[in-house]
S.K.: 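Sharing a structure with you now.
Counting starts at 1 for both ligands and their atoms, in listed order. Quantities reported herein were computed from a predicted structural model and do not represent experimental measurements.
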Amino acid sequence: VPTPFLESLESLESLVTPALVVDVAVLDRNLAAMAQHAAAGGVALRPHAKTHKCLQVAARQLSLGAAGLSVATVGEAEVLADGGIDDLFIAYPVWADAGRAGRLRALCERVRLTVGVDSPAGAAALGRAVAGAGSPPEVLVEVDCGQHRSGVGPGAVAGVARVADDAGLRVTGVFSFPGHAYRPGAPPGAAADEARALGEAASVLTDAGFEPAVRSGGSTPTARHTGAGVTELRPGVYAFNDAQQVWLGTCGIDDVALCALATVVSAPAPDRVILDAGSKILGADHPDWAPGHGIVPALNGALVTSLSEHHAVVPLPDGARRPEVGERLTVVPTHVCNAVNLVDELAAVQDGDVLDVWPVAARGANR
Ligand SMILES: Cc1ncc(COP(=O)(O)O)c(C=O)c1O
């Protein structure tokens, strides 16, 4: 297994471990490849900012032609709007309560805002919350395409859309998230499920007198398998990639643009070392099918087999050299969104040097 990046870790000596480092060249390659894929398929790209929460990465995505950004919370939308991004989709069934109403109205005044809804009550509450705003938000009705998380069945979208319309909102389409793609072998089928569900939902809206121009879908594993009829893609992880994407076959280890820089703090047995990259930097997300909690490329692709908050346990595979205590190594996190959410800043590395420090600006903007 090749070392994905950071060939020369000496240049990162100034960083105190554990730290998250971004290889800017790999990031730019990933961003450009997805932008080209979307352009070639004639679909809009609206990357999900939950992965990076970082204005520097958002700016790169927009400069490559992204239509706008997707976010999960009103707070994330506020941070990106403060950063000058003027077209935002909150891809979440927002509950527009008193703590969000004024903030949603303020967002409508300064950006083109689109909000997800998946219930008549949620649509009515959103309508009440933004009543009187100069330009009310557009609304996309969320469709469940197989993950069975949020979203209504395609047949139920018209009921939600009618309530939104009666509440003064402009229904412009449907969206879904094919989260059931996150299993080995599942991405092509999940992409087909999503295209079918979005198509059915859009027909139902058309029959009910709406004009569903937007059919927004996509995740990182399904982005390459996009079905016909999807008009917009919202992948997030593709910017950095992670171990989960490597195991799913979405990308190769060389496409990983973000790693945790870690130090070997203990070598208690001939065949095991301990790194200082615990769950407090790698994140604790661990799907049941995943073979480990992270990959250590420089040790023949060794796996992190267990995590405590400040310890990563790494059994050495056959043939792997035994690193010394004090040596620095990179670890590919299992789920990069989790890892980024745990740090205040990312060290941006280019040509072996720390080029910049990027604040994780929307970190903690969870409400
Ligand atoms: C609603 C929604 N859209 C898009 C994405 C981005 O997909 P991915 O994380 O596979 O890049 C997510 C991720 O959780 C999501 O929940």
Side-chain angles (χ1 to χ4, degrees), residues 27 30-31 33-35 37-38 43-54 57-58 61 66-74 76-77 80 88-94 114-118 122 139-152 173-184 186-191 193-195 197-198 201 214-226 230-251 255-258 283 285 287 290 333-341 362 366:
L27 167 69
N30 293 344
L31 298 183
M34 188 62 78
H37 170 71
V43 292
L45 182 61
R46 185 179 287 277
H48 208 303
K50 73 194 280 290
T51 303
H52 54 74
K53 304 180 197 310
C54 182
V57 180
Q61 290 171 320
L69 270 290
S70 303
V71 295
T73 67
V74 176
E76 287 180 355
L80 295 192
L88 296 167
F89 170 35
I90 309 178
Y92 191 85
V94 173
T114 307
V115 180
V117 294
D118 82 341
V139 158
L140 300 185
V141 182
E142 185 174 8
V143 182
D144 177 8
C145 69
Q147 185 187 16
H148 308 320
R149 193 174 64 174
S150 48
V152 294
V174 289
F175 82 104
S176 70
F177 175 63
H180 56 310
Y182 274 88
R183 289 220 154 252
D193 290 346
E194 177 171 68
L198 288 174
V214 182
R215 300 174 189 185
S216 175
S219 64
T220 294
T222 53
R224 298 266 161 203
H225 306 281
T226 319
V230 175
T231 65
E232 177 178 279
L233 295 177
R234 301 188 319 276
V237 170
Y238 80 99
F240 296 138
N241 288 314
D242 56 22
Q244 205 172 201
Q245 301 299 336
V246 173
W247 293 323
L248 286 170
T250 311
C251 71
D255 302 315
V256 171
L258 182 148
D285 227 6
T334 297
H335 185 187
V336 70
C337 309
N338 266 221
V340 171
N341 193 43
N366 294 325

S.K.: With rounding to the nearest 0.5 Å, note down the distance linking CZ in Arg234 to OG1 in Thr220.
M.R.: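 Going from the CZ atom of Arg234 to the OG1 atom of Thr220 covers 11.0 Å.
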S.K.: Looking only at heavy atoms, which two atoms of Pro221 and Pro187 are closest? And how far apart?
M.R.: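 Heavy atoms only, the tightest pair is O-CB, 3.4 Å.
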S.K.: Working to the nearest 0.5 Å, report the span between CG of Asp193 and CG of Leu198.
M.R.: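 Going from CG on Asp193 over to CG on Leu198, the span is 10.5 Å.
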S.K.: If the criterion is any heavy atom closer than 4.0 Å to an atom of ligand 1, which residues make the list?
M.R.: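 The answer is His48, Lys50, Ala91, Arg149, Phe177, Tyr182, Gly218, Ser219, Thr220, Pro221, Arg234, Pro235, Gly236, Val237, counting any residue whose heavy atom sits under 4.0 Å from ligand 1.
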S.K.: Rounded to the nearest 0.5 Å, how far apart are CG of Leu258 and SG of Cys337?
M.R.: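 That separation rounds to 10.5 Å.
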S.K.: Return the orientation label for the Phe177 and Tyr182 ring planes: parallel under 30°, perpendicular over 60°, tilted otherwise.
M.R.: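 Ring orientation, 0 to 90° scale: tilted.
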S.K.: Ser216 and side chain to side chain donor-acceptor pair (under 3.5 Å): which single residue from Glu232, Arg46, Glu142 fits?
M.R.: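 For Ser216, the side chain to side chain donor-acceptor pair (under 3.5 Å) test succeeds with only one of Glu232, Arg46, Glu142, which is Glu232.
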